[in-house]
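First the proteins, then the strands, lettered A, B, ... as listed; each starts at 1.
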Protein chains: 2
Amino acid sequence: MAAKGDGGGDPGRGMDLLWGAADRPSRGPKPRLSIDQITRTAVEIADAEGLGAVSMQRIAATFGFTTMSLYRYVPGKAELVALMVDTAIGERPDLDAVPGGWRDRLAQWARQCLRVFTRRPWLLEATSGHRVMGPNELGWMDAALAVLAEAGFTPVEQHDAFLLVAGHVRSVAQYTAGADTLRVDEWSAAVGERLSRHPDRFPAVVAAIQGGGYAKAADEPLEFGLRCLLAGLDELLA
Amino acid sequence: MAAKGDGGGDPGRGMDLLWGAADRPSRGPKPRLSIDQITRTAVEIADAEGLGAVSMQRIAATFGFTTMSLYRYVPGKAELVALMVDTAIGERPDLDAVPGGWRDRLAQWARQCLRVFTRRPWLLEATSGHRVMGPNELGWMDAALAVLAEAGFTPVEQHDAFLLVAGHVRSVAQYTAGADTLRVDEWSAAVGERLSRHPDRFPAVVAAIQGGGYAKAADEPLEFGLRCLLAGLDELLA
DNA sequence: CAAGAACTGTATATAACATAAACAAAACTG
DNA sequence: CAGTTTTGTTTATGTTATATACAGTTCTTG
């Protein structure tokens, strides 16, 4: 068992860290590092160079420590990434001050959530797959569920609606994150070349591209989706 | 430049493979393998044991070949994964026979797409991040865009709506895929334990759980989202 | 206050990974 | 038939995560 992503393992360990149930032992030498420090450094590396640049060696080297020293603070890399995620997501948003009804509050939630993902594109990679939710992430969820509950949705509906909105935000974030790396123009050109060789195989795509369906402002897709979602949710409420 | 995920590189190489522009040379010995064979085997491994089990060594060993032999057929692992994705996604769905209007056709698209992701959860991992779309994937997109175009949406709206629906499918797939691995009950229990220690910090989550917001059938979230989305889109059309 | 237990950080080692480079055999082409 | 091209192998490199054993440090306990 080495290298990456095995998946099997005690989920409790990571959660203890995430939820801060660590009681400092009083025997040995004073630790010269801390989970917080390590996590913050890892986040900085990810911010600057992406999640791929985050390795145990790299983090340790930043402190001038050996790689293995980190394992005194973190059971493994998966747990560290979980910590990074919860740290990077940050405090839950405060939606109480948002003027308007529940629709405006939920839209605001989505916008702020998108901003988090946009600022740190590596969060998309880091949060794909099933994970243990940290307190911050659960806080974000709580904020959204509170809005939905107040609006009058049933618990099941609250959950479904949350999944819907959060999924949309992720989706937009993924779309726009890629648009930074690979210009949409390049993509259109590259695909367009192949497309022109198979003219009748993807007629709708060709038509949409020629109709200008791929040039738009950054947060246009987010707002479009929100309009649809909120309208649909509203209708369901009545 | 070694190990995983560097990201930089000529996107053209992979696309040549994806879009099947390979002309067989007639000089050397007959190749005893083929891209198709390699891709299919890789998909089988991923189907059986997940994407993490797919390594060049593993694939080569299946044929009784050396690891490096694969590099005569594929420029690198990233390109192979791209091939796997397009193979695994499969042929575009035929929506012409779907009775009803554009809403029913789009819903059918979403259901079939979800089935693909459900059957092969590793597709979620493999398709996160920005990629070059293969012909099959573009076919799926074309199918959806065609429905939206026929319904009367503008090219920009077509694209936004596609992103919205596809994102929802992904979101649901991710949710249910995790539910297989980690039972929802376990999750509720694990989180619930922590939750009970912070009773007033996540009131909405607690209320939703106690209201039964987390016990539901597998494709319930998909249908819920579709109802909202389609209603919203319909409203926008008018 | 001394002995020992517990903890920290290190050194060393392992296994898995992707992939580069050089080479031998094979097959077609002139 | 000689030469060129291509295949598959061999060998080697660099990067991962992480297990294990150890040396030094600090508190607790007799």
### Task
Provide, to the nearest angstrom, the distance between the CD1 atom belonging to A/I45 and the C1' atom belonging to D/dT16.
15 Å
### Message
Test of understanding: with side chain to side chain contact (heavy atoms under 4.5 Å, CB included), list the residues that count as partners of B/P29, not counting sequence neighbours.
### Response
none
### Task
Name all residues meeting the salt bridge (Lys or Arg N to Asp or Glu O under 4.0 Å) criterion together with A/D86; count only those two or more places apart in sequence or in a different chain, and write none if there are none.
none
### Task
Grab the CZ-P distance between B/R58 and C/dA15 for me, whole Å please.
19 Å
### Query
Is any side-chain nitrogen or oxygen of B/Q57 closer than 4.0 Å to OP1 or OP2 of C/dA16?
no
### Message
Tell me the interatomic distance from B/Y71, atom OH, to D/dT10, atom P, rounded to whole angstroms.
### Response
17 Å
### Message
Using a 3.5 Å distance criterion without hydrogens, assess whether the side chain of B/R131 forms a donor-acceptor pair with backbone atoms of B/T127.
### Response
yes
Extract from the structure each pairing of a protein N or O with an N or O of nucleotides 2-5 of chain D at less than 3.5 Å, listing the distance.
{"from": "D/dT4", "atom 1": "O2", "to": "B/R27", "atom 2": "NH1", "distance (Å)": "3.4"}

### Task
Could you pull out all residues at least two apart from A/E125 that satisfy side chain to side chain donor-acceptor pair (under 3.5 Å)?
none
#### Entry: Spacing of B/F63 atom CZ relative to D/dT9 atom P, expressed in whole Å
12 Å
### Query
For B/Q37, what residues pass the side chain to side chain contact (heavy atoms under 4.5 Å, CB included) criterion, not counting sequence neighbours?
B/L33, B/S34, B/R40, B/F63
#### Entry: Toward the 5' end of DNA chain C, by each residue's nearest nucleotide, A/S26 or B/M56
A/S26
### Task
Nearest whole angstrom, please: distance from the P of C/dA16 to the CD1 of B/I59.
16 Å
Report each atom pair, protein N/O against N/O of nucleotides 9-13 of chain C, whose distance is under 3.5 angstrom.
{"from": "C/dG9", "atom 1": "OP1", "to": "A/R32", "atom 2": "N", "distance (Å)": "2.5"}
{"from": "C/dG9", "atom 1": "OP1", "to": "A/Y73", "atom 2": "OH", "distance (Å)": "3.4"}
{"from": "C/dG9", "atom 1": "OP2", "to": "A/Y73", "atom 2": "OH", "distance (Å)": "2.3"}
{"from": "C/dG9", "atom 1": "N7", "to": "A/R72", "atom 2": "NE", "distance (Å)": "2.9"}
{"from": "C/dG9", "atom 1": "O6", "to": "A/R72", "atom 2": "NH2", "distance (Å)": "2.4"}
{"from": "C/dT10", "atom 1": "OP2", "to": "A/T66", "atom 2": "N", "distance (Å)": "3.0"}
{"from": "C/dT10", "atom 1": "OP2", "to": "A/T66", "atom 2": "OG1", "distance (Å)": "3.0"}

### Task
Would you please name every residue forming a side chain to side chain contact (heavy atoms under 4.5 Å, CB included) with B/A166, sequence neighbours left out?
B/W109, B/F162
### Task
Mind checking side chain to side chain contact (heavy atoms under 4.5 Å, CB included) for A/Y71 and listing every partner two or more places apart, or none if nothing turns up?
A/M56, A/M68
### Task
Please list, chain by chain and in numerical order, all residues satisfying salt bridge (Lys or Arg N to Asp or Glu O under 4.0 Å) with B/R115, sequence neighbours excluded.
none
